[in-house]
Amino acid sequence: MNNEEIAAIFDRIADLSEIKGEIIYKTLAYRKAADSIRNLGADVEAVQREGRLLDIPGVGKAIAEKIDELLTTGRLGFLEKLEQEVPPTLVDLLKVPDVGPKKAAMFWKQGNITTLGELEAAARAGRLRGLPGMGEKSEARILAGLEALARRSKRLSLGTALPIAERWAAWLRSLPGAERVEIAGSLRRRKITIGDLDFVAAARDPGPIMEAFIHHPEVQRIAGQGENKSSVEIAGGLNIQLWIQPPERFGTLLQFVTGSKEHNVRLRELAQKKGLSLSEQSISRADGSEDHFSDEQGVYAALGLPWIPPEMREDRGEIAAALAGKLPRLLNRVDLKAELHVHSTWSDGAVSIAEMAAAARERGLKVLALSDHSGSLGVAGGMSVEKLRERSLEIKALQAELGDSLRLLQGAEVEIRADGSLDYPDEVLAELDVVVASLHSSLRQPREQITARLLRAMRNPHVDIIGHPSGRLLPNREGADLDWEQVLAVALETGVALEINANPARLDLDEVYARRAAEMGIPLSLNTDAHAPDQLDLIEYGIGATRRAWLTPEQVINTWPPDKLLAWLAARGKGTA
DNA sequence: GCCGTTTTCGGCCCGACTGTTTTCAGTCG
């Protein structure tokens with residue numbers, strides 16, 4: 001069983017326990033454990049083998065025993081018993097907006113409703129309004145919620161959500177009286193997939209802005225409206241929230257709506273220990289006095305903390321690090337000097353090498369590796385060995401023109417074949433300055449097979465970087481079922497760099513493994529995989545990914561001074577074999 | 001169910017919005 005499967009089981013226990021009416025802190029404990037396991041960056045199974053389950057935050061004796069049982073038997077008696085007591089289909093009801101554990105339990109016990117279908121039938125027949133606490137309006141809300149659920153798409157990828165959000169933010173900023181507007185929520189934290197869009201605004205008089213917001217022409221449904229907070233639904237079932245406070249309270253508001261919820265809970269606990277109470281409005285004291293903050297720095301400072309970058313606010317140890325003065329210096333765009341994975345018309349890129357080089361130079365890069373596809377990836381116009389050598393001449397000629405302004409590297413994105421061999425013979429790989437080896441096909445091989453395949457490629461001494469290691473496509477296609485313990489161990493052993501592919505459909509290596517890899521001392525490489533000049537700007541998404549992984553510039557080879565990077569590549573034996 | 005230089009027992013964030021059981025519970029972020 002992998003981490004996600006075990007985490008999903010604990011989330012399920014939490015849902016069912018909540019409906020059953022267990023004390024809320026028990027269910028919170030299961031959710032916390034589920035989150036911790038997802039963020040582990042190591043296989044739970046490996047942690048168990050080392051006898052270190054209790055080191056996982058939020059895992060105590062009871063949950064550790066359940067993990068043991070799951071890993072040993074693949075089953076969990078506790079969950080099976082729980083599913084006897086509470087109809088498992090009730091957890092589906094929790095997905096309906098405005099239906100939580102209390103209502104789900106009431107529908108079940110008072111209305112004999114246990115499935116979404118039964119809930120819809122009862123609502124349509126007007127049978128919900130007779131139940132406790134339910135009236136006509138509540139019944140209509142449930143029906144609207146069921147319809148919204150059916151419309152609602154899966155979570156959006158960051159790359160889809162951010163442009164939509166920027167358009168809305170620009171529109172909100174254009175409204176009279178909107179003094180400040182920011183994108184908040186998981187988008188500001190640069191989470192890889194996005195459930196809904198959150199905006200915060202500063203205004204003296206929120207009324208007109210809220211009115212304009214809920215009457216925006218794209219709004220299809222108003223889910224809620226109030227003085228300080230409104231919520232609407234647009235096409236595709238996408239929900240948008242807007243929060244407004246006066247300018248002097250904008251700092252606490254932005255902090256609150258940025259989240260994450262778990263980070264905010266930790267922060268509020270810290271406030272409590274100092275005798276303070278933190279809310280989206282203010283920081284208050286027991287005597288009723290309160291302080292207001294127009295910016296986030298002030299909020300964190302009042303709690304004795306340095307400002308914590310939004311990408312780190314996931315309750316993964318950032319508050320402890322901030323208290324200890326040990327927040328990492330995260331990566332910024334200006335740190336990047338090299339791009340090591342782009343394509344040109346020599347394979348499936350849109351423009352010539354010269355145009356790509358010009359675009360790289362405009363963006364301040366000092367090193368650019370042309371990494372066109374190797375031969376067998378026919379769909380991507382992969383280069384034969386002959387074409388690769390022709391391209392080499394063109395790169396050399398262009399380098400002569402460019403002089404010192406941009407260092408071009410002879411590179412290739414070499415296909416890792418189904419048996420783990422590489423697409424070019426070793427003597428051809430040896431001619432290259434940089435070799436990116438990637439998996440594109442047969443990603444559904446069983447774990448042992450695809451892991452062995454990747455390890456074999458990593459052990460080829462000519463390979464410098466593993467491109468988009470898992471092969472996942474967000475938001476829906478899962479990556480290969482790799483044994484990450486082995487992948488990381490062999491990366492450390494061979495010194496090969498793991499790519500963080502900046503394309504928002506990939507963001508692969510995943511952040512939890514990127515963080516662990518960096519902690520282990522494995523080099524990482526941040527690249528756009530650009531197939532056209534403007535795709536070099538996708539680097540922003542990749543920077544977000546490195547920041548979510550707590551990476552410092554030193555841990556990412558693309559930030560190194562060109563001489564250091566070239567020396568690293570040379571030391572890996574390129575051009576000398 | 002977890003956790004601890006304030007506690008091994010007694011805590012475990014805070015407020016907006018909604019609808020209904022007109023004073024509060026449920027849901028959400």
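Side-chain atoms are counted along with the backbone in the values below, which use heavy atoms only and exclude waters and symmetry mates. Sequence lines set the chain letters: A, B, ... in the order given, protein chains first and strands last, and positions in each chain run from 1.
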Check this for me: does any side-chain nitrogen of one of [X] and [Y] sit under 4.0 Å from a carboxylate oxygen of the other?
X	Y	value
A:K261	A:D315	no
A:D98	A:K103	no
A:R266	A:E318	no
A:R515	A:E519	yes
A:R472	A:E478	no
A:R31	A:E18	yes
A:E4	A:R38	yes

Quote, to the nearest angstrom, the [atom1] distance that separates [N] from [M].
N	M	atom1	answer
B:dC13	B:dC3	P	15 Å
B:dT6	B:dG10	C1'	13 Å
B:dG19	B:dC12	C1'	29 Å
B:dG11	B:dT23	P	30 Å
B:dT5	B:dG1	P	23 Å
B:dT22	B:dC17	P	22 Å

Which nucleotide sits closest to the side chain of A:K229: B:dC2, B:dA16, B:dT27?
B:dA16
Taking B:dC14, B:dG1, B:dC17 as options, the one with an atom nearest any side-chain atom of A:Y30 is B:dG1
Residues from [range] sitting under 4.0 Å of DNA chain B, heavy atoms only?
range	answer
residues 13-27 of chain A	A:I23, A:Y25, A:K26
residues 272-296 of chain A	A:Q272, A:S277, A:L278, A:S279, A:E280, A:Q281
residues 246-267 of chain A	A:F256, A:K261, A:V265

Side-chain H-bond candidate by donor/acceptor type, A:W307 with A:E296, under 3.5 Å:
yes
Return the value, rounded to whole Å, for the distance between atom [atom1] of [X] and atom [atom2] of [N].
X	N	atom1	atom2	answer
A:K102	B:dT20	NZ	C1'	16 Å
A:K137	B:dT22	NZ	C1'	14 Å
A:K95	B:dC28	NZ	P	13 Å
A:Q225	B:dA16	CD	C1'	13 Å
A:I244	B:dG15	CD1	C1'	16 Å
A:F213	B:dA16	CZ	P	18 Å
A:I142	B:dT20	CD1	P	11 Å
A:M106	B:dG26	CE	C1'	10 Å

Around atom [atom1] of [X], are there more than 12 heavy atoms of other residues, nucleotides or ligands at under 6.0 Å?
X	atom1	value
A:D287	CG	yes
A:R52	CZ	no
A:E85	CD	yes

Applying a 4.0 Å non-hydrogen cut-off, can you work out what A:K32 is touching in the nucleic acid: base, sugar-phosphate, or nothing?
nothing
Pick base, sugar-phosphate or nothing for A:D196, based on heavy-atom distances below 4.0 Å to the nucleic acid.
sugar-phosphate
Pairing nucleotide - B:dA16, Watson-Crick or G-U, each distance under 3.5 Å
B:dT27
On the 0 to 90° scale, with breaks at 30° and 60°, tag the A:Y300-A:H263 ring pair as parallel, tilted or perpendicular.
tilted
Over 60° means perpendicular and under 30° means parallel, so classify the ring planes of A:F78 and A:Y30, tilted if in between.
parallel
Phosphate-side-chain proximity, A:R141 and B:dT18, N/O vs OP1/OP2 below 4.0 Å:
no
Are OP1 or OP2 of B:dT20 and a side-chain N or O of A:S138 less than 4.0 angstrom apart?
yes
Earlier contact from the 5' end, DNA chain B, for A:E227 and A:G60
A:G60
First of A:E139 and A:I56 reached from the 5' end of DNA chain B, by closest nucleotide
A:I56
